[in-house]
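Because the structure is a prediction, the values reported are computed rather than measured.
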Amino acid sequence: MKVFAILGDRRIAHSLSPRMHNKVLQNYGVKGYYVPCRVEPGDLAQAMAGLAALNLDGANVTVPHKEAVMPFLSGLSPEAQAVGAVNTLVRADGAFWGDNTDVGGFADLLAQADCNPQGKQVVVFGAGGAARAVVLALRRQGAKVQVASRKVERAELLTRDLGGRAVSLEAGLQEASQAELLVNATSVSSPQEAPGLAKRLATLGGLKNLRLLVDINYGRPDNFWEKLTQKNQAEYLDGLFMLAAQARRSFSLWTGLNPSLGEFVEALRD
């Protein structure tokens, strides 16, 4: 019997990952379970010791532990090192090493949408850990990336590490008129979360080059990024696709199996 887990704080109760992974495990006849584990920040060291003692077969890590977990690991993948965050723990020789499947997952998402970012103008909104994974994936594929953030110094730090050009949020919104791909890597997608940004986006039009907008968030019934896409007749993908894409890669690392992205998306929608 295999056991996998996802580590997060109290917000883990709302995670869709257990439902998704357990469905795919069932589909492939793998005897095992994927369970949510609530771990508050002060208990992370004990939790990591517990994972090893219980011989768990692998785990995901979500906020707020993606960076804090790194000192407890035996090693890091190149992606995890570059992003500075871990979302997947892989067991090897009695210990866990860390990977970041958000990088490859975002690349898979673009491929699924038949979007090749090489040479294309891209604006990424946000400069946190999620944005770092997105920018790394885009830069590896030769995109011309601008990182827009309210805190320009965070965008400057990101682009110093990974490349691209840092701009203010307002400059990023202006540059969107020339972009073929927009990515929301902030935590806000609805007027309730960011009323000022919602009003600004409502005035944004004429995005004649826009082909695809990806929002890494999901579950917002009133999503201003989706409305912007509809207004400009472009394709829209929400965070469920990103969740499925990174989960598929974690699943493959743990099991050696290689389900399609569509199978994980379907598991979320069931």
Side-chain angles (χ1 to χ4, degrees), residues 4-28 33-38 58-66 69 79-80 83 85-90 98-113 115 124-126 128-138 182-190 193 212-221 223 225-226 229 235-255 257-270:
F4 309 98
I6 180 169
L7 311 182
D9 61 13
R10 64 187 182 281
R11 291 168 284 185
I12 203 66
H14 305 291
S15 174
L16 298 179
S17 291
R19 184 175 75 183
M20 172 178 55
H21 277 282
N22 282 319
K23 178 65 174 177
V24 180
L25 285 169
Q26 180 183 9
N27 289 347
Y28 277 79
Y33 296 95
Y34 182 106
V35 296
C37 294
R38 176 176 173 176
N60 285 129
V61 181
T62 188
V63 291
H65 306 312
K66 286 187 174 186
V69 76
E79 284 78 7
V83 174
V86 164
N87 79 329
T88 302
L89 306 183
V90 182
D99 205 340
N100 190 305
T101 62
D102 287 333
V103 180
F106 187 77
D108 292 343
L109 181 153
L110 293 180
Q112 184 81 1
C115 176
V124 176
F125 295 96
R132 291 181 70 89
V134 167
V135 170
L136 180 57
L138 288 168
L182 300 179
V183 183
N184 172 41
T186 74
S187 61
V188 297
S189 297
S190 70
E193 295 168 314
L212 173 66
L213 190 151
V214 179
D215 179 12
I216 67 166
N217 300 318
Y218 60 86
R220 274 70 161 183
N223 188 307
W225 299 105
E226 184 175 12
T229 311
E235 185 179 357
Y236 172 78
L237 292 176
D238 70 6
L240 287 180
F241 286 86
M242 183 67 179
L243 177 63
Q246 60 83 19
R248 184 188 72 87
R249 285 181 169 255
S250 295
F251 187 92
S252 294
L253 286 169
W254 298 328
T255 66
L257 300 170
N258 192 32
S260 69
L261 175 54
E263 289 175 273
F264 276 86
V265 173
E266 186 66 25
L268 282 171
R269 289 177 169 169
D270 275 351

>> Using the rule side-chain hydrogen bond (donor to acceptor under 3.5 Å, both in side chains), only one of Thr88, Asn258, Asp108, Thr101 pairs with Arg249; which is it?
In response: Asp108

> If you look at every heavy atom in Ala131 and Val124, which pair is closest and at what distance?
Replying inline: CB-CG1, 4.3 Å

> Any donor and acceptor pair, going by atom type alone, linking the side chain of Trp225 with main-chain N or O of Val183 inside 3.5 Å?
Replying inline: no

>> Ignoring hydrogens, what is the shortest heavy-atom contact between Gly8 and Thr62? Give both atom names and the distance.
In response: CA-CG2, 3.8 Å

>> Regarding Glu263 and Asn27, do their side chains bring together a donor and an acceptor under 3.5 Å, going by distance alone?
In response: no

>> Could you report the tightest heavy-atom contact between Tyr34 and Pro18, atom names first, then the distance?
In response: CD2-CA, 3.4 Å

>> Rounded to the nearest 0.5 Å, what separates atom CZ in Phe251 from atom CG in Leu25?
In response: 4.5 Å

> Would you say the side-chain atoms of Arg132 pair up with the backbone N or O of Ala130, donor to acceptor, closer than 3.5 Å?
Replying inline: no

> Are His21 and Tyr33 an aromatic pair by the rule of ring centers under 6.0 Å?
Replying inline: no

>> The test is side chain to side chain contact (heavy atoms under 4.5 Å, CB included); show your working for Leu110 and Leu212 and say whether it passes.
In response: CA-CA 9 Å; Leu110 293 180; Leu212 173 66; 4.0 Å; yes

> Is a side-chain donor-acceptor pair under 3.5 Å present for Asn223 with Asp215?
Replying inline: yes

> Roughly how far, to the nearest 0.5 Å, is the OG1 atom of Thr255 from the OH atom of Tyr28?
Replying inline: 9.0 Å

> Backbone N or O of Ser189 within a donor-acceptor pair of the Glu193 side chain at under 3.5 Å?
Replying inline: yes

>> To the nearest 0.5 Å, what is the distance between CG on Leu89 and CH2 on Trp254?
In response: 8.0 Å

> Which heavy atom in Asn100 sits nearest to a heavy atom in Ala85, and how many Å separate them?
Replying inline: ND2-O, 3.0 Å

> Can you tell me how far the CG atom of Asp238 sits from the CG atom of Leu243, to the nearest 0.5 Å?
Replying inline: 9.5 Å

>> Is it the case that the side chain of Arg19 and the backbone of Leu268 share a donor-acceptor pair, with hydrogens and angles ignored and the cut-off at 3.5 Å?
In response: yes

> Testing Glu79, Lys66, His65, Gln246 for side-chain hydrogen bond (donor to acceptor under 3.5 Å, both in side chains) with Asn87, which one passes?
Replying inline: Gln246

> Atom CG in Leu237, atom CD1 in Ile216: separation rounded to 0.5 Å?
Replying inline: 13.0 Å

>> Can you give me the closest heavy-atom contact between Ser252 and Pro259, atom names plus distance?
In response: OG-CD, 4.1 Å

> Distance from Asn217 atom CG to Leu240 atom CG, nearest 0.5 Å?
Replying inline: 10.5 Å

> Which pair of non-hydrogen atoms, one from Ser15 and one from Ile6, has the smallest distance, and what is that distance?
Replying inline: OG-CD1, 3.9 Å

